[in-house]
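Note on naming: letters A, B, ... go to the chains in the order of the sequence lines (proteins, then strands), and numbering restarts at 1 for each one. In this text, all values refer to a predicted model and were calculated from it rather than measured experimentally.
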There are 2 protein chains.
Amino acid sequence: MEDRAPVPPPHPAEDVTEHVGYRLKKASAALRGAMDKALREHDLTVPQYSCLELLDEQPGLSNADLARGTFVTRQSANVVLRGLKDAGLITQATSTDHGRALPIHLTAAGQQRLHGARSAVYAIEQRMIESIPAQRMTALLADLDTMTEALGA
Amino acid sequence: MEDRAPVPPPHPAEDVTEHVGYRLKKASAALRGAMDKALREHDLTVPQYSCLELLDEQPGLSNADLARGTFVTRQSANVVLRGLKDAGLITQATSTDHGRALPIHLTAAGQQRLHGARSAVYAIEQRMIESIPAQRMTALLADLDTMTEALGA
DNA sequence: ACGTTGATGTCAGAACTTTGACATGCGAGA
DNA sequence: TCTCGCATGTCAAAGTTCTGACATCAACGT
């Protein structure tokens, strides 16, 4: 089969739970869980909140833009957006003069819902930030980005 | 019209995409995507591979053990395990002399499949590791754990 | 001995996400 | 001009995961 591992073991750790990937997944799962719990009180799912946050910052994003921004497929984003539309939190143009992308905007209700949920989510992020020395946080962000790019994203 | 920020901004970044949570999610999504793609050639999903890896290291784990180890619910783990059982990659005791947990073990086929997939996954992890200076990796792992605990996991 | 608590396995249903496929619209190059 | 490539929006189907609920089993304290 393979002449697959001519190099020494890729990492010193024997235990799988010591691998970077495992820790990354664990941290991400913890964050997702905390956000889920916090957002439930605001009747929002994590993907829904993510979309609202992105739209607040960059009004007029399209379905595909939001899919990329929330790391899901266009189809998934479409479902999420339908929920937000039905809840009256966003509006989407029904036509456009150029291209196919239909720009989306927050409604007043969407703004309000977002602002309510935001404090809950920011409190979670605050917990993460406080747990890490400020200087390390800079390096941490850089390293996360570096790894992301190394993975081809 | 909100008194929306009674507290000072929890973090210096204005852009949501600069937040730790966002970067974490992004890195995790990139990893998941890379693993998905690599594992597809071995007819395994990420959760399936995770279970095999855990079982290889700690034979006899139960459904609930694997659920905790892969960060999903017992119900999800149950479905994954059913798939692995149907594929003949694992065996689960049908009874036990103590308690309710039914210990699970890899079959020879499971071992083989795992070993094949492992090199593909390790290559991905290798890409991540190589992109980060060795000294920083230690700090990175520690910080990921610290954040995870700060989130209550 | 007995009830309580906690962990586990399981079923059923809903919700979410993905893969696959197809139609539409813009832009670059023959 | 016209075709090709590419991005987008959308539908359908399958797979995955979750919430909620219930039964079983061991350990603990009364």
Side-chain angles (χ1 to χ4, degrees), chain A residues 25 28-41 43-52 54 58 60-87 90-104, chain B residues 25 28-41 43-51 54 58 60-87 90-104 153:
Chain A
K25 187 175 178 181
S28 192
L31 173 59
R32 172 70 181 236
M35 287 183 66
D36 251 329
K37 183 181 167 191
L39 287 173
R40 198 165 307 153
E41 300 168 17
D43 272 301
L44 285 175
T45 65
V46 172
Q48 286 175 335
Y49 167 79
S50 302
C51 284
L52 293 183
L54 286 172
Q58 304 176 50
L61 289 181
S62 69
N63 183 2
D65 290 328
L66 290 169
R68 276 187 294 270
T70 58
F71 314 113
V72 295
T73 60
R74 291 196 305 278
Q75 294 85 332
S76 292
N78 204 346
V79 174
V80 172
L81 290 181
R82 199 167 309 162
L84 290 174
K85 247 182 282 185
D86 291 348
I90 62 171
T91 57
Q92 183 170 28
T94 55
S95 69
T96 177
D97 52 349
H98 179 284
R100 258 199 119 193
L102 301 173
I104 303 169
Chain B
K25 188 175 177 179
S28 192
L31 173 59
R32 172 70 181 236
M35 287 181 66
D36 251 330
K37 184 182 167 191
L39 287 173
R40 198 163 309 152
E41 300 168 19
D43 272 302
L44 285 175
T45 65
V46 173
Q48 285 176 335
Y49 167 79
S50 302
C51 284
L54 286 172
Q58 304 176 49
L61 289 181
S62 68
N63 182 2
D65 290 329
L66 291 170
R68 276 187 294 271
T70 56
F71 315 114
V72 296
T73 60
R74 290 194 306 274
Q75 294 86 332
S76 294
N78 203 344
V79 175
V80 172
L81 290 181
R82 200 166 311 160
L84 290 173
K85 246 181 285 184
D86 291 348
I90 62 171
T91 58
Q92 182 170 29
T94 55
S95 67
T96 177
D97 52 349
H98 180 283
R100 259 201 119 194
L102 303 173
I104 304 168

| said: Between D86(B) and R82(B), is the salt bridge (charged side-chain N to carboxylate O under 4.0 Å, His left out) condition met? List the steps. | reply: CA-CA 6 Å; D86(B) 291 348; R82(B) 200 166 311 160; over 6 Å; no

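- Whole-Å rounding puts the D43(B) CG to dT19(C) P distance at 15 Å.
- In this structure, D65(B) places its CG atom 7 Å from P of dT8(C), rounding to the nearest Å.
- When each of P103(A) and F71(B) is assigned the nucleotide of DNA chain D bearing its nearest heavy atom, the one mapping closer to the 5' terminus is P103(A).
- Going from atom CD of Q75(A) over to atom P of dG9(D) covers 11 Å, rounded to whole Å.
- When heavy atoms are screened at a 4.0 angstrom cut-off, V79(B) is found touching base atoms of the nucleic acid.
- Closest contact between the side chain of N78(A) and the listed nucleotides dA21(D), dT18(C), dT10(D) involves dT10(D).
- Remark: P of dG20(D) and CG of D36(A) are 12 Å apart, rounded to the nearest angstrom.
- Taking atom CZ of residue R40(B) and atom P of nucleotide dT16(D), one finds them 11 Å apart after rounding to whole Å.
- Rounded to whole Å, atom P of dA21(C) lies 14 Å from atom CZ of R74(A).
- If you check dA26(D), dT17(C), dT8(C) against the side chain of A101(B), the one that comes closest is dT8(C).
- The nucleotide whose nearest atom lies closest to any side-chain atom of A64(B) is, among dG9(C), dC18(D), dT17(C), dG9(C).
- Nearest-nucleotide positions on DNA chain D place R68(A) closer to the 5' end than the other of R68(A) and V80(B).
- Here the P atom of nucleotide dT18(C) and the NZ atom of K37(B) are 17 Å apart, to the nearest Å.
- For L102(A), the side-chain atoms get nearest to dG9(D) when compared with the rest of dG9(D), dC26(C), dT8(C).
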